[in-house]
Amino acid sequence: GEGYVDLSWNQDDYDTLMGFNIYRSTTAENGFVRINQTLVGNEDRSFRDDSTEPGVQYFYYFTVALDGSESEPSNVASATPIDTVKPQMSHDVISATTFGSTVLIQAEVTDNIAVQEVTLYYRAIGTTAYTSVAMANTSGNTYRASIPASATLPPGVEYYIAATDGASYTYSGRASSPNTISVD
């Protein structure tokens, strides 16, 4: 869910169980830490982990609390809370260029998990179809692509940038309200 993982399980091997402990890690192999503050009741077969980060994959197992000891861990299950954090974008809009020049478009894009794709869309003013170009990650959080010289004709070019983390999008401009570069 958004901001949580709901866990449920079956367990009927122990007649003397006192309850359950739930363990979590960000890797399947090691680093598991108990996340329940108090013992999960012996009649309960579910637990909500609400101390999660959006879009991060977590691994879980439970143990049965017996009289003074714990059972071996259960099988490991994984879950990923819904990624509700949109990518962040910083872009200085370009408003003018000269006839027949190549225009470098650059944006800084970050995300809490990972930026999956950044795309530049451009068209000549007065036309309806956009041309799309994948923006290359040139270093760190910097993405670049160019509007070719063949497209920089008077009266100008319209463009927008879309960045996605696979779950949501962030824009500079939109198809319906693009950034405008006037061409002299």
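Below, all heavy atoms of this structure are taken into account, side chains as well, without hydrogens, waters or symmetry copies. Note that the structure is predicted; figures quoted are calculated from it, not measured.
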When you group the ILVMFWY residues by side-chain heavy-atom contacts below 4.5 Å and let the links chain together, are [Y] and [X] in the same group?
| X | Y | result |
| --- | --- | --- |
| Val103 | Val133 | yes |
| Val40 | Phe62 | yes |
| Tyr130 | Tyr169 | yes |

Once rounded to the nearest 0.5 Å, what's the spacing between atom [atom1] of [X] and atom [atom2] of [Y]?
| X | Y | atom1 | atom2 | value |
| --- | --- | --- | --- | --- |
| Ser182 | Ile125 | OG | CD1 | 7.5 Å |
| Phe59 | Asn30 | CZ | CG | 11.0 Å |
| Tyr121 | Ile105 | OH | CD1 | 14.5 Å |
| Leu7 | Tyr61 | CG | OH | 13.5 Å |
| Ser51 | Tyr4 | OG | OH | 14.5 Å |
| Ser74 | Ile22 | OG | CD1 | 8.0 Å |

Has Ser25 got a side-chain atom pairing as donor or acceptor with Thr27's backbone, closer than 3.5 angstrom? yes
Determine whether a donor-acceptor pair (N or O, by modelled atom type, separation under 3.5 Å) exists between the side chain of Thr152 and the backbone of Ser101. yes
Do Ser146 and Leu104 make a side-chain contact, defined as non-hydrogen atoms from C-beta onward lying under 4.5 Å apart? yes
How close do [X] and [Y] get, heavy atom to heavy atom, and via which atoms?
| X | Y | result |
| --- | --- | --- |
| Ala151 | Ile147 | CB-CG2, 3.9 Å |
| Pro87 | Ala163 | CG-O, 4.0 Å |
| Ala145 | Ala134 | CB-O, 4.2 Å |

I'd like a table of donor-acceptor pairs (distance under 3.5 Å, sequence neighbours excluded) in which one partner is a side-chain atom from residues 155-162, with atom names and distances.
residue: Glu158; atom: OE1; partner: Arg123; partner atom: NE; Å: 2.8
residue: Glu158; atom: OE1; partner: Arg123; partner atom: NH2; Å: 3.1
residue: Tyr159; atom: OH; partner: His91; partner atom: NE2; Å: 2.7
residue: Tyr159; atom: OH; partner: Ile94; partner atom: N; Å: 3.0

For the pair Tyr60 and Tyr58, name the ring-plane relationship: parallel under 30°, tilted 30 to 60°, perpendicular over 60°. tilted
Say whether Thr52 and Arg24, considering side chains only, have a donor N or O and an acceptor N or O under 3.5 Å apart. no
From the options Phe20, Tyr23, Phe32, select the one residue that forms a side chain to side chain contact (heavy atoms under 4.5 Å, CB included) with Thr63. Tyr23
May I ask you to check whether over 12 heavy atoms, not counting those of Glu53, lie within 6.0 Å of atom CD? no
Please report, to 0.1 Å, the donor-acceptor pairs under 3.5 Å made by any side chain of residues 76-84, with sequence neighbours excluded.
residue: Ser78; atom: OG; partner: Gln57; partner atom: NE2; Å: 3.3
residue: Asp83; atom: OD1; partner: Val85; partner atom: N; Å: 3.1

Donor-acceptor list for residues 107-119 side chains, cut-off 3.5 Å, not counting sequence neighbours:
residue: Glu108; atom: OE1; partner: Thr142; partner atom: OG1; Å: 3.1
residue: Glu108; atom: OE2; partner: Thr142; partner atom: OG1; Å: 2.6
residue: Asp111; atom: OD2; partner: Ile113; partner atom: N; Å: 3.0
residue: Asp111; atom: OD2; partner: Ala114; partner atom: N; Å: 3.1
residue: Asn112; atom: ND2; partner: Pro54; partner atom: O; Å: 3.1

